[in-house]
Amino acid sequence: MKERIEKVVGNKANQVWAGTFHSTFAKILRVEAEKIGYPSNFTIYDTDDTKNLIKAVIKDMNLSKETYNTNAIYSRISSAKSSLVTPKLYPQVQELMLQDRANRRPYIHEIYSKYTARCKKAGAMDFDDLLFQLYYLLHLNPDNVLDKYRKKFKYVLVDEFQDTNYLQYAILKKLTKYEGSKQNLCVVGDDAQSIYAFRGATVDNILNLSTDYPSLKTFKLEQNYRSTEHIVQAANAIILFNKKQIQKKIWSDKGKGHKIKVIKCAADTEEGKRVADAIIEQKTRLHISNSDIAILYRTNSQSRIFEEYLRRFNINYKVFGGTSFYQRKEIKDLLGYLRLTINHQDEEALKRVINYPKRALGKTTVDKIAALAASTGLTMWDCLTQVEVPARTKDLLKKFKLLIENFAQRSATVDAYELATYVARQSGLINRLKADTTIEGLGRLENVTSLLDGIKEFVENDEVIEGAIESDRGIATYLQNIALHTNMDEEEEGNYVTLMSTHSAKGLEFKSVFVVGLEESLFPSFMSMGTQAGLEEERRLFYVAITRAEELLTLSFATSRYRHGKTNYPDPSRFLAEIPAIHLETTYNNAPQAANIAPRARVSGVKRVRKQAILKIDTANFRASPASEIKEGMKVLHKKFGEGKVVKIDGARDKIATIHFHQIDNSERRLSLKFAKLQILE
DNA sequence: TGACTGTGGGTTTTT
DNA sequence: CCCACAGTCA
């Protein structure tokens, strides 16, 4: 998105804040947190941290973990927050209390309340807090912070508006709807593509818009510029099966195009092979390249089979989403140390690293600390030296505390990369990993190394973000970035087939799309098939999936599938039967006919916007020159942007150089000389 | 304290 | 099938 903006307005794009709701608000909170009683270096709890903390609270309250299922409680708390129900308010909302009582879980409000207190004590916000706390910041309006952001964001644009929830909309209203506001709000959305109801998104936000903004102007975008007619019409036909929808007729003038192909397979493994076969065929007969192809599936675990065959066929691919890099144990361990270093109160981080690598501080000791913390109201960190334990353990605890304090001291003087490297070594993590010489062990060590590389890259990114409140390269900002990292961030230059979940594919497009695993219970998922609303959301998801295709759409299903240790024999998805036969190349019940794709029919289309090429620069011979020697008119070399000419230098103390880089995209970039590593060429 | 073993349960999508 | 967790024993 930022790259597209830059193409239109040039370098000024730097001044635009563009990001997810979560990342944008986290950026604000990083500056304003202290106004609402959080430290500015607050931790962001991810789903694992959140669930672990909920588990701990349930245990502390001596409630049965069968009745109080962690996932159920989490979603209860999350939706309460997303509807602006505070822990205090919760017991007063009859509807919620009645539901809880009906489910025999009357103590949810207490868990919610204790959970919230623990987060606050730990200086931590969960994903929902980034919205919730921001709302309260604007609502309580200390130091007239509301005015500051209203002035700052004179124009607000929201994409994929159908996926916003009540709370996000409430925040938007705070920012754009007030006495004297120009109400410069522009939203783009499609109710047919609403696929996040499970996390609180509501189409009501679209419907309420004209009430909240009476001068609203609506523009219907009914022309599809992406796909050919068979695909568009099939999509139209499918969405008609939903009762709840805003009427519209999408059309395309890109010609009939290819019909939709359906592949029937005897087994999930065969599906992998047949899809790989079809990809080879498209590549050779239609000259489609890897980067024009995507395989979309309902669940991330389906990727494995396709990976296997793509590898076997030597087709380059990249899997997005799933268990992300940042969720791997070894990565979370190192991040845990870093989190604890910048925020000692972070309980989840402390529990994670206190005995890893082994320091003889096991369950008994940790339980004692946790109990003391619960009874005194102190944080676990403070209890490290207070808890009553044998003298030997006392020493070990002291040593651990000193270790972390040493990291913290060091963080004041070195950059994030040096700190992380130091922590990785001094904590014993590296040695522990090195001791494991299995293939997996080597992989884990490699992961840690590439995490360190990532931090290095982050530190060396010296471009000035204008209009940003801070352009911070500290470890706190780094941790925030990765906590809110989306899998779009992983997109990189290269000619690979894309493998991702249908959810992740929203907003993207490919010449050729394979939607796989079209079986009852899988797509639609058995989790949502039961209710009309659930089923309609699955159908919208299918709608999203097939409308990613520009020219070629292939659907596949298997009649037997191995899942959770058992072989299942699913029926084909009902969605297949909802596609009018006229758009299908073959009826999937019959044996496949010979493909009627005209040979050498070259596929055309707009090239997808890709990340700009990264210059290959000989980093081995790169030697940064001292900032003080950089003068206007000099020719300099930058590790990422290549050669450039210093156009001008502004500022007295914090000097900012405007440099014209001709190798990368012929643009001017403003770099802070405080951070910039430039080598003087002449 | 920590390694080891067996049991049992869940099982989707994402910030 | 895979993971988490409880219980056992040195």
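First the proteins, then the strands, lettered A, B, ... as listed; each starts at 1.
Along DNA chain B, the nucleotide closest to Ile195(A) and the one closest to Ala360(A) are compared, and the more 5′ of them pairs with Ala360(A). For the pair Asn355(A) and His22(A), both in contact range of DNA chain B, the more 5′-proximal nearest nucleotide belongs to Asn355(A).
By the 4.0 Å N-to-carboxylate-O rule, Glu537(A) lies close enough to Arg540(A) to be salt-bridged with it. Using a 4.0 Å cut-off between a side-chain N of Lys or Arg and a carboxylate O of Asp or Glu, Glu347(A) and Arg118(A) qualify as a salt bridge.
Comparing dG2(B), dT15(B), dT13(B) against the side chain of Arg199(A) picks out dT15(B) as the nearest.
No side-chain heavy atom of Glu519(A) sits under 4.5 Å from any side-chain heavy atom of Asp571(A).
Taking the six-membered ring where tryptophan is involved, the planes of Tyr196(A) and His503(A) are tilted, since the angle between them lies from 30° to 60°.
Look at the C1' atom in both dT13(B) and dA4(C): the space between them is 23 Å, to the nearest Å.
The distance between atom CZ of Arg359(A) and atom P of dG2(B), rounded to the nearest whole Å, is 11 Å. As a whole-Å value, the separation of Gln327(A) CD from dT15(B) P is 10 Å. Distance, Gln480(A) CD to dT15(B) C1': 13 Å, rounded to whole Å. In this entry the distance linking CG of Leu131(A) with C1' of dT15(B) reads 8 Å, nearest Å. Here dT13(B) presents its P atom at 11 Å from CG of Leu541(A), a figure rounded to the nearest Å. Between the P atom of dC1(C) and the CG atom of Asn568(A) lies a distance of 13 Å, rounded to the nearest Å. Regarding Leu522(A), its CG atom lies at a distance of 15 Å from the C1' atom of dC1(C), rounded to whole Å. Atom CD of Glu160(A) is separated from atom C1' of dT14(B) by 13 Å (rounded to the nearest Å).
Of the residues listed (Asp268(A), Thr567(A), Thr269(A)), the one engaging Arg561(A) in a side chain to side chain contact (heavy atoms under 4.5 Å, CB included) is Asp268(A), and it is the only one.
As judged by a 4.0 angstrom heavy-atom cut-off over every strand, Phe21(A) is placed among residues making no nucleic acid contact. Contacts of Asp128(A) with the nucleic acid, taken as non-hydrogen atoms under 4.0 Å apart, are absent.
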Heavy-atom protein contacts under 4.0 Å, nucleotides 2-10 of chain C, coded B base, S sugar-phosphate only, - none
---SS----
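Judged by a 6.0 Å distance limit and a 45° cone about the ring axis, Arg76(A) is not positioned over the six-membered ring of Tyr112(A). Relative to the ring axis of Tyr356(A), Lys358(A) does not place its NZ or CZ within 45° and under 6.0 Å from the centre.
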Polar atom pairs (N or O), protein with nucleotides 6-12 of chain B, under 3.5 Å:
| residue | atom | partner | partner atom | Å |
| --- | --- | --- | --- | --- |
| dT11(B) | O2 | His564(A) | ND1 | 2.1 |
| dT11(B) | O2 | His564(A) | NE2 | 2.6 |
| dT12(B) | O2 | Arg298(A) | NH1 | 2.8 |
| dT12(B) | O2 | Arg298(A) | NH2 | 2.9 |

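Counting distance only, with no hydrogens placed and no angle test, the side-chain atoms of Thr47(A) and the base atoms of dT15(B) include a donor-acceptor pair under 3.5 Å.
Here Gln162(A) pairs with Glu160(A), Gln193(A), Ser194(A), Ile206(A), Lys506(A) under the side chain to side chain contact (heavy atoms under 4.5 Å, CB included) rule; sequence neighbours left out.
The two residues Glu538(A) and Phe523(A) make their nearest non-hydrogen contact at O-CE2, 3.6 Å.
Side chain of Asn568(A) to backbone of Pro570(A): no donor-acceptor contact under 3.5 angstrom is found.
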